[in-house]
Structure formats: C-alpha cells, structure tokens
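Below is one structure, written out as structure tokens; comments come after it.
Here is the naming used below: chain letters follow the sequence lines, and residue numbers restart at 1 for every chain.
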There are 2 protein chains.
Amino acid sequence: MKNKADLLNQYWTDIYFHLHYIHTDKITHQAIRIMQLIDKQGNIGVSEIASFLNVSHNTASEHVKRLENKQFIIKKRDPADERKAFICLTGRGKEVLDRNTSLDQEKLKQVLNELDEKEQCAIEQALKILSERAKQCKF
Amino acid sequence: MKNKADLLNQYWTDIYFHLHYIHTDKITHQAIRIMQLIDKQGNIGVSEIASFLNVSHNTASEHVKRLENKQFIIKKRDPADERKAFICLTGRGKEVLDRNTSLDQEKLKQVLNELDEKEQCAIEQALKILSERAKQCKF
DNA sequence: CAATTATATCGTATTATACGATACAACAAA
DNA sequence: TTTGTTGTATCGTATAATACGATATAATTG
C-alpha cells in the first residue's frame, strides 16, 4: 500500500501530464529553473543563481547572459552596491515560464467547468492550503 | 481580479517551487518529457515520441538512443510487428523522472504532518478529483 | 515482388552547459 | 590612499544535446 505522499505525487504528476501546455518553446531545463527562481523569490542576482543551480559563478553568469539575449530577463544594478545586478523577468519571460510550468488555462477551465461549485471550491481551498503551508514550512 | 484558473496556477507553481526535489541530475527537458510520456501513457514507440515532441522520426530515434545509453529506458520489440519498438522506463529511469517531476516526499510529508486530518483528507480528495477529471477530459 | 512503414545511423550545423583563467568595477578595511 | 575582497563578465576549451536530410536495413502489406 502506497503511503500518502506517493499517492499525492501520483495525482500531482497525472494532473500535470494531462493539463500542461503543449510545449512549443525551445527552452531548456536550466532556463526554466532560473526563471522559476526569479519569479518566486525576489532579490536574485548571479550569485543566488549559481547557488541555486549549484554551478560556478561564471557558469551562472553565462546562463544569465543567454536569457538576457533572449529577452526573457533584464538586469538592473543594485543602487546600494553597483557591483550587483538584480534580475527580473520580462513580460516575455513570464509568458515562456508560464507556458512551461503552469497548467494550460483553457484545459484547466474546461475541467473546472465540469465540476460542481462545491468541488471547485474544495480544489481551490486545498491548493491554497497546500501552497501556504509549503511556503511557511522550513525544510 | 484574477480568474480562477490564474489563481489555481499561482498555487500550483508555488507548491512545486517550494516542494520540488533539489535538482541534482544533469537531465534535459526533452529527456523528462519523453520519460513522462512513457510513464503516463502506454504503448510508446519512436513514432509516438516524434509526434509528442513534434520532431522528426530520426531525431526521436536519437533521443531514444541517448536515454537507452543512460539506462533510463529499454526497448522491446513488438511481437505483432517487429519493426516497432516498445519503450519502457527502467527502475533508474523512474527514479530520475520522479526526482525531476514529483514533489519531494520528505518535504510533502512534513507539510502534511503539520495539517490536521481533515485538511489532509481535503487535499487528497481535491487532487484525486482533479486528477480523475483531467484524465477523462477531452481537449 | 514491389511498395510502404518503422526505425537506425551518419554527417552536419547550431546551441547549451560547464569551468578555469583572467579581467574589471565597486566596496570595505586598514 | 592603498590594499584586499567581492560581484560579475569574458574568453578559451571541452563535452553534450538538439535537430534534420540523406541514406540504409528490416519487416510488413498488398
């Protein structure tokens, strides 16, 4: 008998598999990971990316450069320390990230439309709770 | 005001961001997509992979070869048509896929442990419903 | 037997990933 | 003011991944 975490992961990966966007972007894993970090956590510079990806600072710098060239991110200097750069997603970057990590909005809507209001509400509350607790939890 | 699909996607990507495994594998996007397809849908051959990724059959064949070399997948001949190969994940392939697409089991357990039984049950039921409907829905 | 299908290999071109060495700019401490 | 440190960037180098057209082989189908 599977434990609960296994079961939830089964559901989790099934949901993603069936509801993800058709992947059309030629995008790589490292690009997605970096943009996820930028999107979900503020105050990101090259050093933070190097740590997050567990690569050297020069490698992280190259990654940032490539994403900048693709206009997925922009860099701003930290006024408090002009050696540092703050890295932000552009609108275009957000769109690419969305298409490669989120559930397809049309598919999700269609699924929700076939649920009754109570079920919809239950799903929303459940994901909300899980999201909030996931953020709060110290690992 | 965001629509519901936006909101759910916010939760969805937040959950993944906070609960994913630390990425240690040097794995690429195409590898993950292929293994997801094999894992979630049976009867996969090179042609199906070419369609799924929207690449040519020779490119798909190269992808399959690389995954085979890494011992993430194995190929079996279809007895009904020996030109065709059935592609299956190895144990190792499943582990790599899990680490790169599932929520980290320890993190998930820790979060669940801080919820009461009612909340846990609600989350399980919600993901179950969403998973089942996602599978059934025609897009 | 000829045509078609499924896959594999090779050559080629481009892009991505990674790092050590090195460099420059900015900051901090003495 | 000088020296040491920090943060990032660039370059050269090596390897791997992605993609396809051309070509080949084996198996199936009509």
Side-chain angles (χ1 to χ4, degrees), chain A residues 22-38 41-88 93 96-97 100, chain B residues 22-38 41-88 92-93 96-97 99-100:
Chain A
I22 297 209
H23 297 126
T24 51
D25 304 284
K26 289 192 182 310
I27 197 75
T28 66
H29 229 45
Q30 296 292 55
I32 293 298
R33 287 175 184 168
I34 293 169
M35 292 195 288
Q36 271 175 324
L37 179 67
I38 297 166
Q41 186 179 309
N43 246 24
I44 292 298
V46 172
S47 303
E48 289 74 25
I49 289 172
S51 295
F52 180 71
L53 296 180
N54 199 26
V55 297
S56 67
H57 61 277
N58 28 30
T59 299
S61 188
E62 309 267 15
H63 283 310
V64 165
K65 185 181 173 187
R66 263 197 300 279
L67 291 177
E68 211 179 0
N69 288 344
K70 291 175 177 176
Q71 294 177 331
F72 293 162
I73 61 173
I74 53 172
K75 287 192 292 191
K76 291 166 177 164
R77 287 291 136 188
D78 181 352
D81 184 344
E82 291 189 358
R83 292 172 295 181
K84 296 176 98 178
F86 278 134
I87 300 170
C88 312
V96 166
L97 180 61
N100 285 275
Chain B
I22 298 211
H23 296 126
T24 52
D25 303 283
K26 290 194 183 308
I27 195 77
T28 66
H29 229 44
Q30 296 291 57
I32 293 298
R33 285 175 188 169
I34 292 170
M35 292 195 287
Q36 271 176 322
L37 179 68
I38 297 167
Q41 186 178 308
N43 246 25
I44 291 297
V46 172
S47 303
E48 289 74 24
I49 289 173
S51 295
F52 180 72
L53 296 179
N54 199 25
V55 297
S56 68
H57 60 275
N58 28 29
T59 299
S61 188
E62 308 266 16
H63 282 310
V64 165
K65 184 181 173 188
R66 265 196 299 277
L67 291 177
E68 211 179 356
N69 286 344
K70 291 174 178 176
Q71 294 177 333
F72 293 163
I73 62 174
I74 53 172
K75 288 192 294 194
K76 294 167 178 166
R77 286 290 138 187
D78 181 352
D81 183 343
E82 292 186 359
R83 293 172 294 179
K84 296 175 100 180
F86 277 134
I87 300 170
C88 312
R92 181 164 153 165
V96 167
L97 179 61
R99 285 198 298 270
N100 286 275

Can you check nucleotides 21-23 of chain C for protein contacts, nitrogen or oxygen pairs under 3.5 Å, and list what you find?
unit_1, atom_1, unit_2, atom_2, d
C:dA21, N6, A:N58, ND2, 2.9

What protein N or O atoms touch nucleotides 14-18 of chain C N or O atoms at under 3.5 angstrom, if any, and at what distances?
unit_1, atom_1, unit_2, atom_2, d
C:dA16, OP1, A:K70, NZ, 2.6
C:dT17, OP1, A:T28, OG1, 2.8
C:dT17, OP2, A:H63, ND1, 3.3
C:dT17, OP2, A:R66, NE, 3.2
C:dT17, OP2, A:R66, NH2, 2.7
C:dA18, OP1, A:Q30, NE2, 3.3
C:dA18, OP1, B:K26, NZ, 3.3
C:dA18, OP2, A:Q30, NE2, 2.7
C:dA18, OP2, A:H63, NE2, 3.0

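Nearest approach of B:A60 to B:V46, heavy atoms of both residues: CB-O, 3.7 Å. Annotation for A:I27 and A:I32: closest pair CG1-CD1, 3.7 Å, computed over non-hydrogen atoms. Among all heavy-atom pairs drawn from B:N100 and B:V96, the shortest one is ND2-O, 2.8 Å.
When heavy atoms are screened at a 4.0 angstrom cut-off, B:S61 is found touching base atoms of the nucleic acid. Within 4.0 Å of B:A85, counting heavy atoms only, lie sugar-phosphate atoms of the nucleic acid but no base atom.
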Compile the donor-acceptor pairs under 3.5 Å between side chains in residues 80-87 of chain B and protein atoms, sequence neighbours left out, one pair per line.
unit_1, atom_1, unit_2, atom_2, d
B:D81, OD1, B:R83, N, 3.2
B:D81, OD1, B:R83, NE, 3.0
B:D81, OD2, B:R83, NH2, 3.0

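In this structure, A:D81 and B:R77 both approach DNA chain C, and ranking their closest nucleotides by distance from the 5' end singles out B:R77.
Sorted by first and then second residue, the salt bridge (charged side-chain N to carboxylate O under 4.0 Å, His left out) pairs with a member in residues 50-74 of chain A read A:E68-A:K75; sequence neighbours excluded.
Here the range on DNA chain D touched by chain A, meaning any atom under 4.0 Å from one of its heavy atoms, is D:dT6 to D:dA19.
Counting only N and O atoms by type, the side chains of A:R33 and A:Q36 include no donor and acceptor under 3.5 Å apart.
Scanning for ring-ring contact (aromatic ring centres under 6.0 Å, His included) contacts around B:H57 gives an empty result, with sequence neighbours left out.
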